[in-house]
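Quick notes on the structure that follows.
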Amino acid sequence: MFSFELQKTDATTQARAGMLRTVHGEVATPTFMPVGTVGSVKGIEIRQLEETGTRIILGNTYHLTLRPGEDVVWHFGGLRGFTGWQGPTLTDSGGFQLFSLAKMTKITENGAVFRSHIDGRLLDLTPEKAVEIQEALGSTIAMVLDHVVGLPNPEKVVRDAMERTIRWAKRCRDAHRLENQVQFAIVQGGLDRAMRVECAGRLVELDFPGYAVGGLSVGEAPELMYETLDYTVPELPARKPRYLMGVGTPTDLLEGVARGIDMFDCVMPTRNGRNAMAFTDFGKVRLRNAKYQYDDRPLEDGCPCPACRRSRGYLRHLFIAKEMLGPILLSIHNITYYQRLMTRAREAILAGNYAEFVRQRKIDFTRENDG
RNA sequence: GGUGGAGUUCCCGAGUGGCCAAAGGGGGCAGACUGUAAAUCUGCUAGCAAUGCUUUCCGUGGUUCGAAUCCACGUUCCACCA
């Protein structure tokens with residue numbers, strides 16, 4: 001029904017290669033999960049998404065309950081029936097919206113009260129409600145409702161959020177009924193070692209089938225995030241999948257894998273792709289830049305994606321002309337890049353040379369380089 | 001040929017005596033984006049030895065302490081009338 005096979009652990013890093021087996025299909029790890037917040041990975045058809053190497057995608061509880069409503073999704077047989085995506089899905093609980101939509105949210109011990117960003121109506125999101133919605137959505141993996149706070153924040157704020165996250169995780173677990181769905185818990189605790197270790201330990205006691213590290217990439221420097229993973233991930237069960245939520249850049253993914261993370265999700269490849277930024281092995285490419293006007297090279301040599309069958313000059317033109325094909329092609333390219341990165345990472349782990357693999361690709365994604 | 005209207009910085013367009021190197025768009029250039037309120041957002045866009053200076057608002061001349069703004073002539077475009 002649901003299992004995680006740990007196939008290989010790297011000798012010099014914490015990197016792991018594994019196989020996630022779910023009722024909706026298998027996923028080789030480490031893996032990247034593109035974000036399809038409202039039931040669509042923006043701009044990308046399922047066939048194309050499959051061709052990027054994607055095996056599991058995300059949906060969002062908060063966004064889908066507002067529109068179209070989980071009853072509608074349920075009517076169509078859950079996310080898979082509704083969207084046509086037949087593989088595994090993971091739904092976020094709405095916890096991230098406590099952070100990203102904080103201005104419209106009031107948090108109490110019972111749950112979160114949202115002011116809908118669409119029509120202003122009030123929405124009660126309790127842990128039980130988050131479970132119920134996700135059960136109606138029929139996702140393969142559901143996340144517990146957690147309390148995400150930005151960084152930096154006073155220690156008391158971080159601790160309160162962490163404690164609440166644990167209490168809510170328990171309530172989510174107790175409320176969960178759906179047999180064909182597993183629930184992952186989420187470790188919070190900011191950048192505080194003791195808090196992270198404590199949170200992980202208390203959640204592990206509750207025996208969830210998988211664990212996520214949340215509350216990162218919310219304002220802190222990447223090095224602090226890596227450091228947090230250094231002492232948080234070892235607290236999680238080795239034989240269960242580990243998911244780093246909302247992360248990140250290609251470098252973040254490689255660093256996360258090196259610290260024992262198996263699953264990632266991030267809007268970056270799709271959002272940045274829509275905004276004319278491409279990820280490549282030689283760094284970022286801002287295709288709107290004038291220097292690409294007459295560039296007849298493909299975006300990236302050796303990339304099998306449809307964007308790379310065109311010239312950079314043409315891709316630039318699509319963005320300048322505001323043609324929808326530009327965002328579509330670049331989203332596909334970026335997801336393809338992320339998936340290839342994970343595939344290559346997995347191969348390196350299986351081959352026993354992950355550390356070397358990472359060393360060879362110290363890409364500075366803050367700089368531009370046109371290859 | 002006559003009458004009326006109009007010519008503003010790359011483009012469109014506001015401005016009708018000083019607070020104007022000149023609103024606002026567009027275009028151009030650059031940057032940002034990490035469990036998606038994002039096909040979005042931000043900055044720059046006359047020049048320079050630059051807390052100031054120089055050259056601009058069709059052209060030339062004039063009025064004025066001061067003109068994109070007022071006057072005269074010229075010029076181009078538009079509308080209508082012949």
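Note on naming: letters A, B, ... go to the chains in the order of the sequence lines (proteins, then strands), and numbering restarts at 1 for each one. Just the heavy atoms: all of them, side chains too, but no hydrogens, waters or symmetry mates, feed the values below.
- In terms of modelled atom types and a separation under 3.5 Å, the side chain of A/Arg259 and the main chain of A/Tyr226 share a donor-acceptor contact.
- With both ends at atom C1', the span from B/rC65 to B/rG59 equals 26 Å, rounded to whole Å.
- Of the candidate nucleotides B/rU34, B/rA37, B/rC29, B/rU34 has the atom lying nearest to any side-chain atom of A/Pro222.
- Contacts of A/Ile118 with the nucleic acid, taken as non-hydrogen atoms under 4.0 Å apart, are absent.
- Of the possible donor and acceptor atoms, none in the side chain of A/Arg21 sits under 3.5 Å from a partner among the backbone N and O of A/Glu26.
- Distances shorter than 4.0 Å separate some side-chain N or O of A/Asn60 from OP1 or OP2 on B/rU36.
- Checking B/rC33, B/rU34, B/rU36 against every side-chain atom of A/Val35, the shortest atom distance belongs to B/rU36.
- Among the atoms of the strands shown, base atoms are found under 4.0 Å from some heavy atom of A/Gln188.
- Using a 4.0 Å heavy-atom criterion, one finds that A/Gly215 contacts the bases of the nucleic acid, with or without backbone contacts as well.
- When heavy atoms are screened at a 4.0 angstrom cut-off, A/Lys42 is found touching base atoms of the nucleic acid.
- Taking the C1' atom of each, B/rA79 and B/rG43 are spaced 43 Å apart, rounded to whole Å.
- For A/Ser217 and B/rU34, the shortest distance from a side-chain N or O to OP1 or OP2 is not below 4.0 Å.
- Picking from B/rC33, B/rG27, B/rG35 the nucleotide with the shortest atom distance to the side chain of A/Met277 gives B/rC33.
- The pair A/Arg16-A/Asp262 meets the salt-bridge criterion, since a charged nitrogen lies less than 4.0 angstrom from a carboxylate oxygen.
- Ranking B/rC29, B/rC33, B/rU36 by closeness to the A/Asn275 side chain, first place goes to B/rC33.
- Base contact: A/Met104 has a heavy atom under 4.0 Å from a base atom.
- Of all nucleotides listed (B/rG35, B/rG31, B/rU36), B/rG35 comes nearest to the side chain of A/Asp146.
- Counting distance only, with no hydrogens placed and no angle test, the side-chain atoms of A/Arg288 and the base atoms of B/rU40 include a donor-acceptor pair under 3.5 Å.
- Of the candidate nucleotides B/rG35, B/rC33, B/rU34, B/rG35 has the atom lying nearest to any side-chain atom of A/Asp265.
- Nearer the 5' end of RNA chain B, as judged by each residue's closest nucleotide, is the contact made by A/Thr270, out of A/Arg274 and A/Thr270.
- Of all nucleotides listed (B/rG35, B/rU36, B/rU34), B/rG35 comes nearest to the side chain of A/Leu58.
- No contact: A/Leu318 has no heavy atom under 4.0 Å from any strand.
- Across B/rC33, B/rA30, B/rG35, the shortest atom-to-atom separation from the side chain of A/Asn289 is found for B/rA30.
- Comparing atom distances between the A/Ala290 side chain and each of B/rA30, B/rG35, B/rU36 picks out B/rA30 as nearest.
- The aromatic ring centroids of A/Phe279 and A/Tyr338 lie less than 6.0 Å from each other.
- Using modelled atom types, one side-chain atom of A/Gln48 and one backbone atom of A/Glu45 make a donor-acceptor pair closer than 3.5 Å.
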